[in-house]
Amino acid sequence: MNKIVIVTGSPGVGKSTMIKSIAAHGDYRIINIGSAMLEMASTKGLVKDRDEIRFLSTKTVRNLQDEVFKSISQMDGNIILDTHSSIEANGRFVPGVPFETMRIIRDTVHGMVYIDALTDEIMKRATDDKERTRNTDRVFIDTQRRINISILSMYSAYLNIPLYVIFNRQDKLDEGIKSLKEHIEQIFSEE
Ligand code: AMP
Ligand code: MG
């Protein structure tokens, strides 16, 4: 049976950067759910850009999630999922992993890692990243951080999946990467 670690964090926190930097170091494959969603959504002619996906209707997002997670549940080996706890668009938050999906894959999910930073740090990174169209509103970023942790704590307590929280603090990227690597190796090495 495969082993999954779900890594989430608010848009702009530095999640993909951190995950990419541990990519070459272990016996695991990294799946970026946003890229898988983009592939499916663009094949269907729904979007041209990854930052358009979150604005699709709730139902369309849900259908794409179903397809993407179905293909992941059939994969073998150690898998790191680079994704989101919640996805925000115009004040609407949808869960990154629908409860029904989480319930189905729960036995393969050995841990969840949440990457956090201060709201102002995330805001600055989201503003500085000119390649992406992210929400840079302080209140929304702050709200999303709270919604993210609420969803993850619910999954953690209700489905008994451990939650690891790490930080990508300003000018401390190396420390963040080090704890990400340690946690992931520990999760995959456990029975
Ligand atoms: P990212 O590059 O991680 O920001 O992902 C790009 C986009 O993919 C996000 O803005 C979301 O619209 C979408 N996405 C990523 N993960 C999920 C997920 N688990 N559920 C729904 N949409 C997702
Ligand atoms: Mg990313």
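Both ligands and their constituent atoms are indexed starting at 1 by order of listing. Everything numeric in this text was worked out from a predicted model, so none of it was measured.
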Requested in this report: Look at the aromatic rings of Phe99 and Tyr155 and report parallel, tilted or perpendicular, splitting at 30° and 60°.
Outcome: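 Answer is parallel, since the angle falls under 30°.
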
Query raised in the report: Given Asn32, which of Lys20, Arg50, Lys15 fulfils the side chain to side chain donor-acceptor pair (under 3.5 Å) condition?
Result: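 Single pass found, and it is Arg50.
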
Requested in this report: Give a yes/no answer: is there an N/O/S atom of Asn32 under 2.8 Å from the Mg ion (ligand 2)?
Outcome: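 For Asn32, the answer is no, given that no N, O or S atom comes within less than 2.8 Å of the Mg ion (ligand 2).
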
Which N or O atoms of ligand 1 sit under 3.5 Å from a protein N or O, and how far apart is each pair?
from, atom 1, to, atom 2, distance (Å)
ligand 1, 2 (O), Arg50, NE, 3.0
ligand 1, 2 (O), Arg50, NH2, 2.8
ligand 1, 2 (O), Arg132, NH1, 3.2
ligand 1, 2 (O), Arg132, NH2, 3.4
ligand 1, 3 (O), His84, NE2, 2.9
ligand 1, 4 (O), His84, NE2, 3.1
ligand 1, 4 (O), Arg132, NH2, 3.0
ligand 1, 12 (O), Arg54, N, 3.2
ligand 1, 16 (N), Thr83, OG1, 2.9
ligand 1, 19 (N), Thr83, OG1, 2.8
ligand 1, 19 (N), Gly96, O, 2.7
ligand 1, 20 (N), Gln65, NE2, 2.8
ligand 1, 20 (N), Gly96, O, 3.3

**Report entry** Residue that, paired with Ser86, satisfies side chain to side chain contact (heavy atoms under 4.5 Å, CB included) out of Thr143, Thr8, Asn148
**Finding:**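 Option passing the side chain to side chain contact (heavy atoms under 4.5 Å, CB included) with Ser86: Asn148.
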
Query raised in the report: Which of these passes salt bridge (Lys or Arg N to Asp or Glu O under 4.0 Å) with Glu88: Arg54, Arg146, Arg134, Arg145?
Result: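 Only one option passes, and that is Arg54.
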
Query - Atom pair CG (Asp137) and CG (Asp142), whose distance is rounded to the nearest 0.5 Å - result: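 One finds 10.0 Å between CG of Asp137 and CG of Asp142.
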
Query - Sidechain-backbone polar pair: Lys181 side chain, Ile22 backbone, donor-acceptor under 3.5 Å - result: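 Answer holds: no.
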
